[in-house]
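Reminder, nothing fancy here: chain letters follow the sequence lines and each chain counts from 1.
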There are 2 protein chains.
Amino acid sequence: MKKYFEILQKCSLFNKIEEENLISMLDCLGAKIELFDKKYTIFAEGNPAKYIGIMLTGSAQIVRIDYYGNRSILSNVEPTEVFAEAFACAGLPSLPVTVIANEPCEVMLIDCNHILHTCTNNCVFHQQLIFNLMKDLASKAIMFQQKIEITSQRSTREKLMAYLTIQAKKADSNRFDIPFDRQELADYLEVDRSGLSAEISKLRREGIIENHRKHFILL
Amino acid sequence: MKKYFEILQKCSLFNKIEEENLISMLDCLGAKIELFDKKYTIFAEGNPAKYIGIMLTGSAQIVRIDYYGNRSILSNVEPTEVFAEAFACAGLPSLPVTVIANEPCEVMLIDCNHILHTCTNNCVFHQQLIFNLMKDLASKAIMFQQKIEITSQRSTREKLMAYLTIQAKKADSNRFDIPFDRQELADYLEVDRSGLSAEISKLRREGIIENHRKHFILL
DNA sequence: CTCCGTTTGTTGAAATTTCAACATATTTAT
DNA sequence: ATAAATATGTTGAAATTTCAACAAACGGAG
């Protein structure tokens, strides 16, 4: 557990919790670490929504396949980020999404009930943990709201530009890499891949962007 | 304040908090009540995201107008529901949405900082309040996720059916009223109003639904 | 009850998106 | 290094959505 301290320290869930307290707390919470290979399913749709995940190394995608077989990507999960917490905290009986590893991953899993119901030891830092979880859930709601902001644009071009603008802001630079390949970006923006490729070419010809694969420059 | 007790009791934020404690707590939080007429702006985009709103009577819509002038409706707010809490809790500098009264409204406003930072009186129920807020934020995230699930459908018909199916489930009946007129439903589903009307007529002709204005029956 | 403003439904043309098919580029495996 | 697999770009046809314009239905005020 100790070797992950640097990563966990950056995790919003453990804000203001010191190393020694963190380690005993993780013990108290029954936190466990699991490994997943590329393309493996970390959580499957329909599974009980019991665990909160924390990405330690590697990355994953939150995905939903609808009734008609269309894949929709909800978000990308990078190291230090928490995932599936909203479903667990809201007490959903089962997960409405699937989480799939993009690459080999180390994931910390914590039973959400151990966080919500203060342990018998009554760890001093439990209240801080719940407060942090609340903050994290607020950010998660904002993240969803932002995705709605992007996909509520009516055309492929507008969705793409809204997405790229936000990415540039995040990277604090007009040059950045996106975490999606073309098909994935299309599934995130909820548009057709070939139409997306065509739109990217068009923006490039118009001198609005430069791009090669996952790398973009906004001009 | 006391006359609103029955409504507040049903508000998820005050779960497990008894009447006498609730009233002193609201005082401690500096809760205030404001009235808004139909079509009035309760919160405007760009305002500081400071207050959490609780709808006491009436209803409102959470709306965003984008760069191109398209209106997108994020959600509808009914009595006992909390709104704008995600933006306030996440500490956004300003609101990315506007909240507009559908009809005359009574709204309770609470400065979010008073909730997040335990008061000097150190109310006994403050921890419960934060716990309730966390639960509420989790539900809000799920609500956004559900909206994404609906609007990620590729066609107007699929979006509409996904929406109606969820409404039927909510009403626990195949007969129900929706809180949107046609233009509003179109702005919620992120489609064109006339195309939506056409699709509703088509579903009606095909015997899949019955409908008159805001009333729907799923067959 | 009637008038008037609003909402809903309808239509056809224009624009856009999707789909399928294939060419090219890039990466991976052997 | 080469072959195979995967990812990206391109294209034209088909399907769908948007847009504008108008007709019909509805609801509230007087």
Please say whether more than 12 non-hydrogen atoms of neighbouring residues, nucleotides or ligands are located less than 6.0 Å from CD in A:Glu6.
no
Thinking salt bridges, do B:Glu199 and B:Lys159 make one under a 4.0 Å N-O criterion?
no
Atom-pair distance (OH on A:Tyr68; P on C:dT18), nearest Å
15 Å
Tabulated below should be each protein N or O lying under 3.5 Å from an N or O of nucleotides 10-13 of chain D; please produce it.
residue	atom	partner	partner atom	Å
D:dT10	OP2	A:Ser201	OG	2.4

Can you tell me which nucleotide in D:dC19, C:dT18, D:dT17 comes closest to the side chain of B:Thr156?
D:dT17
Using modelled atom types only, decide if a donor and an acceptor are shared between the side chain of B:Asn211 and the backbone of B:Phe216 within a distance under 3.5 Å.
no
Value rounded to 0.5 Å, distance of OG in B:Ser194 from CZ in B:Arg182
12.5 Å
Counting only heavy atoms not in A:Tyr68 (residues, nucleotides, ligands), do more than 12 fall under 6.0 Å from its OH?
yes
Result for 5'-nearest mapping on DNA chain C, choosing between B:Ile200 and A:Lys38, is B:Ile200
What is the ring orientation for A:Tyr51 with A:Phe43, classed by angle as parallel under 30°, tilted 30 to 60°, or perpendicular over 60°?
parallel
D:dT18 P sits how many Å from B:Asn70 CG, rounded?
9 Å
To the nearest Å, give me how far apart CD (B:Glu190) and P (D:dT18) are.
10 Å
Output for pair (A:Leu29 CG, A:Leu13 CG), nearest 0.5 Å, gives 8.5 Å
Provide, to the nearest angstrom, the distance between the CG atom belonging to A:Asp192 and the C1' atom belonging to D:dA14.
13 Å
Identify, residue by residue, the members of residues 174-189 of chain A with a heavy atom below 4.0 Å from DNA chain C, and return them in order of residue number, or none.
none
Could you tell me how far apart B:Glu103 (CD) and D:dG28 (P) are, to the nearest whole angstrom?
13 Å
Whole Å only: how far is the CG atom of A:Leu196 from the C1' atom of D:dA7?
13 Å
In whole angstroms, how far is the P atom of C:dT6 from the CZ atom of B:Arg213?
14 Å
In whole angstrom, what separates A:Asn211's CG from D:dT8's P?
10 Å
If we ignore hydrogens and angles and just use 3.5 Å, is the side chain of B:Thr98 paired with the main-chain N or O of B:Glu45 as donor and acceptor?
yes
Does the A:Lys140 side chain pair with the main chain of A:Val82, one donor and one acceptor, at a distance under 3.5 Å?
yes
